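Since the structure comes first, as structure tokens, the remarks are kept for the end.
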Amino acid sequence: MADRLTVREVSCLRLLEGGLKNKQIASQLGIAERTVSNTLQSAYRKLGVSQRQDAIAEFRRNWSETGHRLSMSPGAGTGFSASVSGPVSRPPTFYRPTPPGLVNTSVIIAVFAVIGVLAVLALVTSRAFEGLG
């Protein structure tokens with residue numbers, strides 16, 4: 001089984017968990033119904049299940065909102081439990097997709113560019129007024 005679900009797989013599983021059908025999930029996500037079907041089939045393979053109800057149960061039990069496996073035990077997803085010695089590192093339980101195009105970096109660069117332009121304008125303006133006096 002895979003160690004991580006994609007962002008789309010997590011989104012589809014969350015909506016599936018809410019009782020939505022594939023057509024409703026497609027409408028909510030703005031994608032084709034066939035894409036939802038393919039995405040859920042991929043998620044089922046990663047979860048080691050073949051039915052919707054089993055996928056929901058396995059996702060709730062052993063996977064985080066970020067798509068990472070919480071249970072690292074060998075019997076995870078098989079109905080058998082095995083204990084893991086020592087602390088288990090768990091990813092955060094909130095879900096936050098990476099912003100496209102590194103928006104935060106772009107904003108910082110734009111702010112510094114504006115500050116630079118304003119500094120140059122201030123310098124040019126002050127020299128222009130010095131020449132008048």
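Predicted model only: the values in this text are computed from it and were never measured. Counting from 1, the numbers follow the sequence of the chain as shown.
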Closest approach of L47 and A55, non-hydrogen atoms and distance?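 L47 and A55 have their closest heavy atoms at CD1-O, 3.7 Å.
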Would you compute the distance between atom CZ of F59 and atom CG of L16 and round it to the nearest 0.5 angstrom? 10.0 Å
R61 side, atom CZ; I56 side, atom CD1 - distance, nearest 0.5 Å: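 Here the interatomic distance stands at 12.0 Å.
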Remaining members of L123's ILVMFWY cluster at a side-chain heavy-atom cut-off under 4.5 Å? none
Those residues that, when tested against Q51, pass side chain to side chain contact (heavy atoms under 4.5 Å, CB included) (two or more places apart):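 Checked Q51 against side chain to side chain contact (heavy atoms under 4.5 Å, CB included); matches are Q53, D54.
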Distance-only check: which donor-acceptor pairs under 3.5 Å involve side-chain atoms of residues 24-43, not counting sequence neighbours?
from	atom 1	to	atom 2	distance (Å)
Q24	OE1	K21	N	2.8
N38	ND2	R34	O	3.4
T39	OG1	T35	O	2.7
S42	OG	E9	OE2	2.5

